[in-house]
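Below is one structure, written out as structure tokens; comments come after it.
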Amino acid sequence: MRRRLRAGDRDAFGDLYETHVDAVHRHALRLTGNWSTAEEVVSETFFAAWRQRGRLEEEGGPVKPWLLGIATHKAHNANRGLRRRLAFLARRPADCPVDDIADAAAARVDGARSLAAVHAALTRLPRRDREVLALCVGEGLDHRQVAEALGVPVGTVRSRLSRARARLRALSEEAAAERAPARRPHGRAEERDDMATRVVALRLAEEPR
């Protein structure tokens with residue numbers, strides 16, 4: 001596969017897309033927390049992969065780490081661009097009121113809230129730790145593959161993952177302590193946020209070191 005990709009074999013590139021497009025999209029969603037932005041990241045990732053195919057080493061294991069490394073970089077750029085756009089919009093006057101579209105959007109609300117809750121938990125981590133977490137826990141890459149994807153030493157991957165585990169466990173414990181006086185969260189949004197943090201923390205606790 002590596003040799004075929006380096007040679008510009010379009011059939012090989014099609015196989016690459018079909019095999020890994022879902023993984024790239026999931027990874028982009030975890031890092032951006034936005035469906036449309038994730039779709040843009042997917043497009044940019046495969047476009048960049050085609051342009052950078054000559055940099056792919058002929059010898060090596062699966063190409064998924066290489067592809068997810070590109071996706072990580074594209075997601076980081078997309079997040080930076082989104083922050084600039086939000087800052088620009090914040091300086092603009094408010095738009096005129098528009099018709100209520102709640103009924104049309106209702107079908108996507110729960111999915112969007114769940115994604116936002118998980119993303120909110122992850123964004124409380126430093127970016128580099130969050131990227132390692134998304135690759136290790138989200139996509140199941142081992143430490144060596146994550147190191148290949150991000151271009152860092154394996155020891156760096158281990159230390160970043162350890163920090164992410166510790167931080168999310170602490171966040172989960174803080175959330176539990178804050179909610180201890182009440183029998184249950186006040187609403188579904190709070191319950192979802194709390195559950196997202198706990199689920200991520202539990203998955204980290206179960207992840208082999």
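Computed from a predicted structure; not experimentally measured.
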Worksheet entry | Inter-residue atom distance Asn34.CG - Glu39.CD, 0.5 Å rounding | 9.0 Å
Worksheet item: Does Leu67 share a hydrophobic cluster with Val21, counting links as ILVMFWY side-chain heavy atoms below 4.5 Å and allowing steps through other members?
Response: yes
Worksheet item: Between Arg30 and Gly138, what is the shortest heavy-atom contact and its length?
Response: NH2-O, 3.3 Å
Practice prompt. Check the hydrophobic clustering (I, L, V, M, F, W, Y; side-chain heavy atoms under 4.5 Å; chains of links allowed) and say if Trp50 and Leu56 are grouped together.
Written response: yes
Worksheet item: To the nearest 0.5 Å, what is the distance between CG (Asn77) and OG1 (Thr32)?
Response: 12.5 Å
Worksheet entry | Intermediate values then yes/no, side chain to side chain contact (heavy atoms under 4.5 Å, CB included), Arg26 and Glu139 | CA-CA 8 Å; Arg26 288 194 306 268; Glu139 290 306 318; 3.0 Å; yes
Worksheet item: So with a 6.0 Å cut-off around CZ of Arg128, is the heavy-atom count from everything else above 12?
Response: no
Worksheet item: After noting the C-alpha distance and the side-chain angles of Glu59 and Arg2, does the key distance pass the side chain to side chain contact (heavy atoms under 4.5 Å, CB included) rule?
Response: CA-CA 7 Å; Glu59 302 299 329; Arg2 286 172 174 264; over 6 Å; no
Worksheet entry | Check ion pair Arg160-Glu131 (N to O, under 4.0 angstrom) | no
Item to complete: Can you see which heavy atom on His25 is nearest to which on Val42, and at what distance?
Response: CA-CG2, 3.6 Å
Worksheet item: Taking it one step at a time, do Asp129 and Arg167 satisfy side chain to side chain contact (heavy atoms under 4.5 Å, CB included)?
Response: CA-CA 10 Å; Asp129 296 352; Arg167 176 59 175 156; over 6 Å; no
Discussion item. Under 4.5 Å between side-chain heavy atoms, counting indirect links through other Ile/Leu/Val/Met/Phe/Trp/Tyr residues: same cluster for Val41 and Trp35 or not?
Written reply: no
Worksheet item: How many angstroms lie between CG in Leu133 and CZ in Arg163, if you round to the nearest 0.5 Å?
Response: 12.0 Å
Worksheet item: If you measure from OG on Ser43 to NZ on Lys74, what distance do you get to the nearest 0.5 Å?
Response: 11.5 Å
Item to complete: Any chance you could measure Gln52, atom CD, to Phe47, atom CZ, to the nearest 0.5 Å?
Response: 10.0 Å
Worksheet, complete the sentence: Nearest heavy-atom approach of Ile70 to Ala49 is CD1-CA, 3.9 Å
Item to complete: Determine the minimum heavy-atom distance between Val154 and Arg144, stating which atoms define it.
Response: CG2-CA, 4.0 Å
Fill in: Side chain proximity check, Thr19 to Val63, heavy atoms < 4.5 angstrom
no
Discussion item. For the backbone of Asp15 and the side chain of Glu18, can you confirm whether one donor and one acceptor N or O come within less than 3.5 Å of each other?
Written reply: no
Worksheet entry | Beyond-backbone contact of Arg127 with Asn79, side-chain heavy atoms, under 4.5 angstrom | no
Worksheet item: What closest approach, in Å, do Gly54 and Arg6 show between heavy atoms, and which atom pair accounts for it?
Response: O-NH1, 2.7 Å
Practice prompt. Can you see which heavy atom on Thr45 is nearest to which on Ala71, and at what distance?
Written response: OG1-CA, 3.3 Å
Fill in: side chain to side chain contact (heavy atoms under 4.5 Å, CB included) assessment of Leu150 paired with Leu135
CA-CA 10 Å; Leu150 299 180; Leu135 290 168; 3.8 Å; yes
Item to complete: May I ask you to decide if the ring planes of Phe13 and Phe46 are parallel, tilted or perpendicular, using 30° and 60° as cut-offs?
Response: perpendicular
Fill in: Rounded distance [0.5 Å steps], OG1 in Thr72 versus CG in Leu31
5.5 Å
